[in-house]
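Written out below as structure tokens is the structure these notes cover.
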There are 2 protein chains.
Amino acid sequence: MTTRAGRQGDEGVSQIPLPALFTQAKDVTLAKLHWRLNEEGFKGIRYSHGAVFRFIDAEGSRLTALAERSGLSKQALGEVVTELERHGYVERTTDPDDHRAKVIRLTERGTQAQVAAARILGEIERRWAQHLGRDRIAEMRMVLEEVIRFEKS
Amino acid sequence: MTTRAGRQGDEGVSQIPLPALFTQAKDVTLAKLHWRLNEEGFKGIRYSHGAVFRFIDAEGSRLTALAERSGLSKQALGEVVTELERHGYVERTTDPDDHRAKVIRLTERGTQAQVAAARILGEIERRWAQHLGRDRIAEMRMVLEEVIRFEKS
DNA sequence: ATTGATAGTACGGTTACCTTACTATCTGCG
DNA sequence: CGCAGATAGTAAGGTAACCGTACTATCAAT
């Protein structure tokens, strides 16, 4: 018995803790995404900006709506929007029907970035599927979703 | 054709982006781990403290060694150690052979926390295995590791 | 017209890191 | 031996990504 696994109650055995595994997976994926975005000329986009790109409506959304959908506070989201505005990815206009509210809308460039990000993430996943197995990646997705749902309930 | 998937080039389709999936999986796992630790009386342990618990040697380790293993800077790790010291989980003693260096060692309580954390993570994983399938969780682990290795190379 | 809710902003705080000095100590060489 | 250069750790200050608690502007409803 040199290095055989699976004695009896041996479960995980893979030594590396789950949170570290998830964190590293997230990190390598995001690193690649942002590297590619930069490569394609979408400068100044950072991790936190995803909260806007992921949840904004085509016709624009209110700050409060984006905050709720992303689970961030209004302030946190406000800062993100300000940065994206500075970089020309979104614009803030006062809602004509409600002068308290502002509508945040993707600019042409912002839409391009959104499309590019979705495409790049798709490419990353497809490359994984090619190298590690299409079914295995699909399964990983499903199991991750189930795990999240399970722990949240 | 109501809601059937798998037309042609349809790959991920699961709408939720991979980084979000990984992040949520990490978050729910860590939330549960720290909740349980607290429940068992291990107070004041935070996410970042894992860098010490995961990488420290039984005979104690130097700050520099822990920093290297965890990928953090010496300063970042120094702060973490200071906090763990305040909470009584580790102690810092000057290395008798090299007075520049200090040896960081788990206290009795620190070792208990380390053991508890490992046990709890094992329990979490076992529960997933019971509810979602033992093989599926094992596969998820493997695929995650492969994905990480793949993107890092 | 005032009162209470709502949209967004301002200000300050926290966590988890980082970089750039700096001090103390050790090691090797002339 | 004595000093140069490396190494261990600390100090100071900065940044990113958040948070909560005010506060202002506006709206809606009596």
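The figures here come from the full heavy-atom set of this structure, side chains too, leaving out hydrogens, waters and symmetry mates. Small disclaimer: the values here were computed from a predicted structure and weren't measured. Quick note on labels: first sequence line is chain A, next is B, and so on, each numbered from 1.
A salt bridge is absent between Arg109(B) and Glu91(B); no separation between the charged side-chain nitrogens and carboxylate oxygens falls under 4.0 Å.
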Under 3.5 Å, sequence neighbours excluded: what are the donor-acceptor pairs made by side chains of residues 58-65 of chain A?
from, atom 1, to, atom 2, distance (Å)
Ser61(A), OG, Asp57(A), N, 2.9
Ser61(A), OG, Asp57(A), OD2, 3.1
Arg62(A), NH2, Asp95(A), OD2, 3.1

Side-chain donor/acceptor pairs under 3.5 Å, residues 18-30 of chain A, sequence neighbours excluded:
from, atom 1, to, atom 2, distance (Å)
Thr23(A), OG1, Pro19(A), O, 2.7
Thr23(A), OG1, Tyr47(B), OH, 3.3
Gln24(A), OE1, Lys152(B), NZ, 3.2
Thr29(A), OG1, Ala25(A), O, 2.6

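The end-to-end axis angle of the helix from dA1(C)-dT30(D) to dG30(C)-dC1(D), rounded to 10 degrees and based on five pairs per end, is 10°.
The nearest whole Å value for the distance from the CG atom in Asp27(A) to the C1' atom in dC17(C) is 13 Å. Atom P of nucleotide dG9(D) and atom CD of Glu85(B) are separated by 13 Å, given to the nearest angstrom. Taking atom CD of residue Gln75(B) and atom C1' of nucleotide dA16(C), one finds them 13 Å apart after rounding to whole Å. Here the C1' atom of nucleotide dC27(D) and the CG atom of Asp95(A) are 12 Å apart, to the nearest Å.
In the hydrophobic cluster analysis, where Ile, Leu, Val, Met, Phe, Trp and Tyr join through side-chain heavy atoms closer than 4.5 angstrom, Leu132(A) is grouped apart from Met142(A). Taking hydrophobic clusters as Ile, Leu, Val, Met, Phe, Trp and Tyr residues chained together by side-chain heavy-atom distances below 4.5 Å, Phe42(B) shares a cluster with Ile124(B). Under a hydrophobic-cluster definition in which Ile, Leu, Val, Met, Phe, Trp and Tyr are linked whenever side-chain heavy atoms come within less than 4.5 Å, directly or via other members, Tyr89(B) and Trp35(B) are assigned to different clusters.
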Practice task
Scan nucleotides 13-18 of chain D nucleotide by nucleotide, 5' to 3', and note B when protein non-hydrogen atoms come under 4.0 Å of the base, S if they reach only the sugar-phosphate, - if neither.
Solution key: ---SSB
Fill in the blank from the handout: With sugar-phosphate taken as primed atoms, P, OP1 and OP2 and all else as base, the protein-contact string of nucleotides 2-8 of chain D at under 4.0 Å (heavy atoms; B, S, -) is ----BBS
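Legend: residues meeting side chain to side chain donor-acceptor pair (under 3.5 Å) with Glu68(A), ordered by chain and number and at least two apart, are absent.
The neighbour count for Glu108(B) CD, taken as heavy atoms of other residues, nucleotides or ligands under 6.0 Å away, does not exceed 12.
Mapping Leu77(A) and Ala65(B) onto DNA chain D by nearest heavy atom places Ala65(B) closer to the 5' end of the strand.
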Exercise for the section: Carefully, step by step, assess Glu40(A) and Arg36(A) under the rule salt bridge (Lys or Arg N to Asp or Glu O under 4.0 Å). Expected result: CA-CA 6 Å; Glu40(A) 297 193 14; Arg36(A) 288 267 185 94; over 6 Å; no
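The aromatic rings of His87(B) and His49(B) sit tilted, their planes meeting at an angle between 30° and 60°.
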